[in-house]
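As structure tokens, the structure follows; a few thoughts come after it.
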Amino acid sequence: MKYDFNQIEKKWQKYWAENQTFKASNNSDKPKYYVLDMFPYPSGAGLHVGHPLGYIASDIYARYKRHKGFNVLHPQGYDSFGLPAEQYAIQTGQHPAITTETNIKTYRRQLDQIGFSFDWSREVRTSSPEYYKWTQWIFIQLFESYYCNTDNKAKHINELVAIFSSEGNTNVNVACDDGIEPFSAEEWNALDTVKQQKILLQYRLTYLAETEVNWCPALGTVLANDEIVNGVSERGGHPVVRKKMTQWSMRISAYAERLLQGLNTIDWTDSLKESQRNWIGKSVGASVSFNVISAPLNHQNSTSLNHQNTSLDTERSRSEQDVISAPLNHLYKIDVFTTRPDTIFGVSFMTLAPEHELVSKITTLEQKAEVEAYIEKTAKRSERDRMADVKTISGVFTGAYAEHPFTKEPIPIWIGDYVLAGYGTGAVMSVPCGDVRDYAFAKHFNISIPNIFEGVDISEEPFTDKEKTVIGNSDFLNGMNYKKATKRAIYELEQLAQGEGKTNYRLRDAVFSRQRYWGEPFPVYYVNGMPQMIDLEHLPIRLPEVEKYLPTEEGEPPLGRAKEWHWLQYGDDAKIVSKEEFENSSPQGRLGGELELNTMPGWAGSSWYFFRYMEEANREGVFASEDALKYWENVDLYIGGAEHATGHLLYARFWVKLMKDRGFVNVEEPFKKLINQGMILGTSAIVSGVWVSFSNWNSVSDSDEDNLTISEDVTRPFLLVLSKDKLDKINEGGDVAEIINWVKSNYPNSQIVSEIDRSKPTNNVFNFSAFTGHVDVSLVNSSDELDFESFKKWRQEFYNAQLLNVEPYKVQREVEKMSKRWYNVVNPEDICNQYGADSLRLYEMFLGPLEQYKPWNTAGITGVHSFLKKLWKLYHQGENGTFYVSSESSPPWEGLGEALKTLHKTIKKVQEDIENFSFNTSVSTFMIAVNELTAQKCTSKAILEPLLVLISPYAPHIAEELYSQLGNKESISTAEFPVFDASHLVESSKNYPISFNGKMRFTIELPMDMNKEDIEKEVLSHEKTKAQLEGRTPKKVIVVPGKIVNIVG
RNA sequence: GCUGAAGUGGUGGAAUUGGUAGACACGUUGGACUUAAAAUCCAAUGUCCAUUAGGACGUACGGGUUCAAGUCCCGUCUUCAGUACCA
């Protein structure tokens, strides 16, 4: 009986689907285990062999856990909103929903073919209205929440409103926008609703704010930073302008500390946690405020500095010379953030970002021209250039001075583009002796560099080692170390009310609006410009139909094209209507207005989908029922790519914390353990050669019939394929005679350009240029030989390609990312058809450690494939290869001891491997086991049945088939995992390696229970030992019983 | 620059607490079977020297600890990933 994998795999996939073998139950006595993959975006290209790597690993783990008696939830779905479907829609006019549906069908077919144990009954799609109803609902919860810093949790906004109306905002400790005006309860209660709503927006966990975006008028769309090169659009080179747009933002910064602390409670890789820590970017230090002691006095000529500060008007009578010696006016202050308040006596200047709002206010008249020129210059440089070019030091003095909080000395205020407007306060206190950038700046502009460190030379470079710091030359901080001085400096600043301890985070609030069509619509309409939420009972707000998926001519997002996009509600009765209908409706008791035109970003739907899977049946009324959430809690094992480190994985943690705070879920973290699978790289095939092109064919003389015949073939350049070595030689200026000869012998009337006497009219001139290019890997066999006939048909321009003295032609190989662009994509369907899903699964695991990047090489799959054939044979040792397994319980057959040893060795290793996610080594272990059992001619059911359970997580189809051939009526999927019994591994003797000075020379077989002394005696009296020692007496003999013997001397 | 991970045959990769380096495969070479191919099976395969026996050298490089180092320590180099005037 042959191992007919195609038939077997189809059969069992059908069986699993019909019997709902992997449907998880929310009611079970078994312990729960939740294994999740990052759900895929269903792209038009379908899956390549790199995609299922993580799914195979998680599937093995899920199947293993079922064997171990767990109730396993292993669901799958689609992250089906996204840009490619929208772009395709823009080009073709096809609705993205249709494209998405088609792609999902392909994905599902490909996934099913690999034999995953997914519970498809719980499938989610982020683009389906029944799902995004709840994404919209969560958005509303964010809108209706604020973050209380005192209790460290989010609360309902109504609690904040209650505080405002009873005591105003002066005593609240909550996360909010900067620069909110204080108000009393009376003031709050006196405000109209619009004003109150405006203020509340500054506290909500999702809020509307003006954000600068890159707007490209020619393309009619907003561009991301990486879509812009040198100030113009990457595609088409159209100008891009910075434009302020009102956008939804998520106040993720409120959760910065909890997101950071939570990392200590979860089992993720260090590098991933480090990425998130980096992204959150916590720095502890102090905020210090410096008073500006001189301000410019002459503002009359400046229109941009048009403020009505009365105290300033009185200053205007002063002469410019008075500025520096002017009495301390303390009109402005500069707030800075520093991680080194201990170095405050080392401040010798201050630097503001060129964009800092105070720059225009404090610059003196003499410096004005220079400052403005500098600002203009830096404004022209793109953010990118500025970041790329960190070596050039630039800046300019403002003419103004600030006062040192302690010494009261004047400190010059500079502007420089090494200070970023977007970080901290956009201003720094510059301590050149303790900071490399400040140091370089001071050196460059000849600013003084006072030394405030004891016993350190700073004439060459600054001193930045916090731990070794001893402060000097610093009044009350003298002699202190970093920690003490920092504490004291903050204390003293607090006494002066000019500073306090402060923690800064790099994490910025996340922009949540996208000017796109194919995303979740917001459940929001506007009244007097203020956003209003739509009640849950009216959700989902479905995506409207539009004629085109492009922005409108006025620059509104695509939803601006919807004919009916106004909310109209009377009581419980609500509908979406046209603008006209809304305007003609009765205002009496009416709720409604224009709906939000933006849609949500891709990460909205993926930030909570893991909860949706928990609900098994009635999903209508809830995002997941309380019971389901309580039972499944959170994801035990999450497998996916590392590229989501600071996107999805951070946002999901943020939303879960919010949902926990508001009492909707019971867990603080969504993913307990997380593993990043490495990428499978493609092995590209590269063809090299020269393009030979002919010119002047048009002027071929009519008399020359031969030439005309040739010209039929060579009107277009043809490719002369040759080996990489030869091409390299030609490129290095080497011999081209071979090529010339080849062309001349095949096209006798042609001439090479360099040989032509240009004074004579010439025909049939040829020229050539080097060529290397990728070729589709399917045109190359496992020995790297190119199928040349197929190659010529593959692309039109190769139709007349020719080989030069190389046959068969071998391509060059290169390992690159698997991508359509490099023609190195391998389709899992092809592999399944040719070798079977079990071979694919085993091979993907066998390639190497899960987390590692590794190249795919289809040729290697024969190894695991022949292993499966050997496995099959092991159960078919009957006549003519018929099924035969002996089911006798007592062992009449003498080899059983050896077979038991093999089995239990395998149980032990495989169990350890799975639990350590070392799947590659268990495939080796299976191979060894099957090789050994084959050699032992093992036919015992007592061995061969448990062996199948071990293999079943990896190669489930063949395991099911053989298991059923053994007479089992049930699926193998819940069969108990064999229990390891160490007694089968006890050895009576050990083959001791005998080494001399650490080098192994030979082995001696000795009884396991022999003691040290006897071993030593036995070894030393051995012939080979004597030969090794050549008469010398050993200085020392190390005997480690059961392990090794080492003889020194 | 900083942070993290990693450097082992022609290739992918094995190697528990330091204890026989290269498991298991791919590839290559030779052989068996076959009209032939495929499939299957057998043998060899780290490098170098040697007809053999055997020997020398070998885990990026240079040191060190140890009876014994791919594994531990110090230094250097390289690669990959993330991040960056973060005050």
Side-chain angles (χ1 to χ4, degrees), chain A residues 2 269-279 281-283 285 336-340 343 350-351 353 386-393 416-420 422-431 434-438 440-441 504-506 642-643 645-646 676 678-679 683 782-784 813 815 842-843 846-849 851-867 869-870 873 909 912 916 918 920-928 931 991-1003 1027 1034-1040 1042-1049:
Chain A
K2 211 179 129 236
T269 60
D270 287 339
S271 72
L272 194 60
K273 287 195 205 178
E274 203 54 38
S275 284
Q276 292 214 344
R277 285 194 190 105
N278 241 314
W279 194 259
K282 180 180 184 177
S283 36
V336 300
F337 173 75
T338 177
T339 52
R340 298 294 304 271
T343 64
M350 304 196 68
T351 316
R386 247 170 95 171
M387 283 199 243
D389 176 23
V390 298
K391 280 176 200 134
T392 317
I393 296 162
D417 67 1
Y418 79 95
V419 178
L420 303 178
Y423 183 77
T425 60
V428 299
M429 57 175 230
S430 301
V431 184
D435 181 281
V436 278
R437 291 150 308 163
D438 296 343
F441 195 86
N504 212 32
Y505 297 91
R506 199 180 75 101
E643 66 272 20
T646 49
N676 295 126
M679 198 185 289
T683 312
S782 58
S783 307
D784 296 349
R813 291 292 198 173
V815 172
L842 281 173
Y843 189 51
F846 187 63
L847 278 177
E851 299 183 70
Q852 199 167 299
Y853 278 51
K854 56 231 160 197
W856 176 269
N857 173 18
T858 303
I861 201 170
T862 53
V864 293
H865 187 64
S866 57
F867 156 74
K869 285 195 268 193
K870 280 185 214 164
K873 263 193 186 165
K909 177 82 172 119
E912 283 169 4
N916 293 317
S918 174
N920 55 325
T921 49
S922 26
V923 180
S924 305
T925 306
F926 293 141
M927 291 174 169
I928 294 167
N931 286 344
N991 199 20
Y992 277 93
I994 311 301
S995 41
F996 293 80
N997 298 317
K999 281 190 176 125
M1000 207 283 287
R1001 295 299 171 184
F1002 55 88
T1003 57
K1035 284 181 195 147
K1036 206 174 180 183
V1037 179
I1038 313 277
V1039 177
V1040 183
K1043 283 221 163 135
I1044 200 170
V1045 177
N1046 190 17
I1047 298 167
V1048 187

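Convention: sequence-line order gives letters A, B, ...; per-chain numbering from 1.
The partner of rA81(B), taking Watson-Crick or G-U wobble pairs whose two distances both stay under 3.5 Å, is rU3(B). Base pairing of rC72(B): its partner is rG64(B), meeting the Watson-Crick or G-U wobble criterion (both donor-acceptor distances under 3.5 Å). Shown here, rG30(B) forms a base pair with rC42(B); the pair counts as Watson-Crick or G-U wobble because both key distances fall under 3.5 Å.
Distance from the side chain of I1038(A) is smallest for rC67(B) among the nucleotides rC67(B), rU83(B), rU3(B). When each of rA39(B), rG13(B), rU83(B) is scored by its nearest atom to the side-chain atoms of P849(A), the top-ranked nucleotide is rG13(B). The E274(A) side chain lies nearest to rU3(B) when the options are rC67(B), rU3(B), rC85(B).
Y853(A) comes within 4.0 angstrom of the backbone, heavy atoms only, and of no base. Looking at heavy-atom distances under 4.0 Å, D435(A) makes no contact with the nucleic acid at all.
Side-chain nitrogen and oxygen atoms of K1036(A) include at least one within less than 4.0 Å of the OP1 or OP2 phosphate oxygen of rC67(B). Look at R277(A) and you won't find any side-chain N or O under 4.0 angstrom from OP1 or OP2 of rG82(B). Checking the phosphate oxygens (OP1, OP2) of rG10(B), no side-chain nitrogen or oxygen of R813(A) falls inside 4.0 Å. In this model, the phosphate group of rG13(B) is not approached by any side-chain N or O of K854(A) to a distance below 4.0 Å at OP1 or OP2. Using a 4.0 Å cut-off, some side-chain N or O of Q852(A) falls inside it from OP1 or OP2 of rG13(B). Phosphate proximity of rA87(B) to S283(A): present, with a side-chain N or O under 4.0 Å from OP1 or OP2.
In summary, the aromatic rings of Y843(A) and W856(A) are positioned with their centroids under 6.0 Å apart.
Distance D270(A) CG to rG82(B) C1': 14 Å, rounded to the nearest Å. Straight-line distance from the NZ atom of K282(A) to the P atom of rU83(B): 22 Å, rounded to whole Å.
The pair E274(A)-R277(A) meets the salt-bridge criterion, since a charged nitrogen lies less than 4.0 angstrom from a carboxylate oxygen.
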Between protein and nucleotides 20-25 of chain B, map the contacts as a letter string: B base, S sugar-phosphate only, - none, heavy atoms under 4.0 Å, written 5' to 3'.
B--BBS
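Using cut-offs of 30° and 60° for the angle between ring planes, the F867(A) and F926(A) rings count as parallel.
For the atom pair N1046(A) CG and F996(A) CZ, the distance stands at 9.0 Å (nearest 0.5 Å).
Nucleotides rG22(B) and rA5(B) have their C1' atoms positioned 23 Å apart, rounded to a whole Å. Using P as the reference atom, rG4(B) and rG70(B) are 26 Å apart when rounded to the nearest Å. Look at the P atom in both rA25(B) and rG30(B): the space between them is 22 Å, to the nearest Å. Nucleotides rU20(B) and rA38(B) have their P atoms positioned 41 Å apart, rounded to a whole Å. When the C1' atom is used for both rG9(B) and rA21(B), the distance is 11 Å, rounded to whole Å. Nucleotides rU16(B) and rU11(B) have their C1' atoms positioned 27 Å apart, rounded to a whole Å. The separation of rU71(B) from rG55(B), taken at their C1' atoms, amounts to 27 Å, rounded to a whole angstrom. Here, rG64(B) and rG58(B) have their P atoms 14 Å apart, quoted to the whole Å.
Residue order along RNA chain B, read from the 5' end via each residue's closest nucleotide, puts R1001(A) first among Y423(A) and R1001(A). Of the two residues contacting RNA chain B, namely E912(A) and S271(A), the nearest-nucleotide position lying further toward the 5' end is that of S271(A).
Syn is the classification of rG9(B), since its glycosidic angle stays within 90° of 0.
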